[in-house]
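Below is one structure; the comments refer to it alone.
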2 protein chains.
Amino acid sequence: MGVSKKEHFTNEQTTLAEQAKAIAHPARIAILQHLLKTKTCICGDLVEVLPLAQSTVSQHLKVLKKVGILKGSIEGAAICYCIDPVVWKSIKSAFQEFFADLNECNNSNCC
Amino acid sequence: MGVSKKEHFTNEQTTLAEQAKAIAHPARIAILQHLLKTKTCICGDLVEVLPLAQSTVSQHLKVLKKVGILKGSIEGAAICYCIDPVVWKSIKSAFQEFFADLNECNNSNCC
DNA sequence: AAAATATATCGCAAAATTACGATGAATTAG
DNA sequence: CTAATTCATCGTAATTTTGCGATATATTTT
């Protein structure tokens, strides 16, 4: 439903899920990869790079902004987007931590 | 819409997005954390741990199975689920690689 | 064989996601 | 000041996600 029962899960679980969700779309991954590649903060060039309408790209940017991965600054009539290094590293750590805990179960004892 | 225009994105982008999507729910993160903690492959104990109906848990398990993170083996009347170490490490690597590329943009040059 | 247990799947409803065109707001150019 | 550019937001439609109860299937127990 989407009535996602947040209350019953820990903040850590909810947060990690939200961060994963922000990345869970090819277009948003493409946006991030593009921003990573061209360090120069791109704005609406993204619309030309992506196979999506301007309004759709704007929506994806909004999603990434909401989680904090992106921040935008006004650059004349245009807007300059770039990755927030702090948030980026924070998310990176969260995922690393999550994926780190697989030591025991080395395809021998289980299933 | 969900009419996600897969065609226009690379396989890498689509795959990473799908993997992120599989993790993008508190319940599924809780499932994975539980399986990571109790190395003994749990089955329907998950239903008791999670604040969700049996059918709902089964659906989440299906999602994780579809991406390959989980595999299940029949254990009498019950079914034993556990994390597939190979897939797990593969996803771990994919995320690590994705998050690795933030060297230049150290909160100085951009936004 | 019948009852109990464990899971999966079906059918449904509510909500969220994705996408687009159209419109609005702000800035720059003429 | 007006026209053009850039981006965000609105309204809408198709699809997907999430969740539950009910039901189906398989296994074990009695």
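Chain A is the first sequence line, chain B the second, and so forth, proteins listed ahead of strands; every chain is numbered from 1. Model, not experiment: these values are computed from the prediction.
Between the side chain of A/Gln54 and the base of D/dA8 there is at least one donor-acceptor pair of N/O atoms closer than 3.5 Å.
Which of C/dT7, D/dA8, D/dG19 sits closest to the side chain of B/His60 comes down to D/dG19. With D/dG19, C/dA19, D/dT9 as the candidates, the nucleotide lying closest to the side chain of A/Leu52 is C/dA19. Side-chain proximity of A/Ala53 to C/dG11, D/dT6, C/dG21: nearest is C/dG21. Relative to the side chain of A/Ala77, the nucleotides C/dA6, C/dT28, D/dG21 differ in distance, and C/dT28 lies closest. Closest to the side chain of A/His25, out of D/dT5, C/dA19, D/dA8, is C/dA19.
Ring-plane geometry between B/His25 and A/Phe9 is classed as perpendicular, the angle between the planes exceeding 60 degrees on a 0 to 90 degree scale with a lower cut at 30. Note on ring orientation: taking the six-membered ring where Trp is involved, the planes of A/Phe95 and B/Phe95 are parallel (angle under 30°, cut-offs 30° and 60°).
Checking the phosphate oxygens (OP1, OP2) of C/dA8, a side-chain nitrogen or oxygen of B/Ser58 falls inside 4.0 Å. Put simply, A/Thr56 has a side-chain N or O that comes within less than 4.0 Å of OP1 or OP2 on C/dC20. For the OP1/OP2 pair of D/dT16 and a distance below 4.0 Å, the side-chain nitrogens and oxygens of B/Lys21 include no atom meeting the criterion. For A/Tyr81, a side-chain nitrogen or oxygen approaches OP1 or OP2 of D/dA8 to under 4.0 Å.
Of the two residues near DNA chain C, B/Val47 and A/Val63, the one whose nearest nucleotide lies more 5' is B/Val47. Mapping A/Ser55 and A/Arg28 onto DNA chain C by nearest heavy atom places A/Arg28 at the nucleotide closer to the 5' end.
Between A/Ile23 and A/Arg28 there is no side-chain heavy-atom pair separated by less than 4.5 Å. Between B/Phe98 and A/Ile29, some side-chain heavy-atom pair lies under the 4.5 Å cut-off.
Between the CG atom of B/Leu64 and the P atom of C/dA8 there is a distance of 12 Å, rounded to whole Å. Distance, B/Gln59 CD to D/dA22 C1': 14 Å, rounded to whole Å. At whole-Å resolution of the value, CD1 in B/Ile79 and P in D/dT27 are 9 Å apart. B/His8 has its NE2 atom 10 Å from the P atom of C/dA19, to the nearest Å. Summarising the geometry, the separation between CD1 on B/Ile31 and C1' on D/dG19 is reported as 13 Å, rounded to the nearest angstrom. The separation between A/Asp45 atom CG and D/dC7 atom C1' is 13 Å, rounded to whole Å. The CG-P distance, from A/Leu61 to D/dT6, rounds to 15 Å in whole Å. Rounded to whole Å, the distance from CG on B/Leu46 to P on C/dA6 is 13 Å.
Put simply, the side chain of A/Glu97 never gets that close to the backbone of A/Ala94: no donor and acceptor are under 3.5 Å apart.
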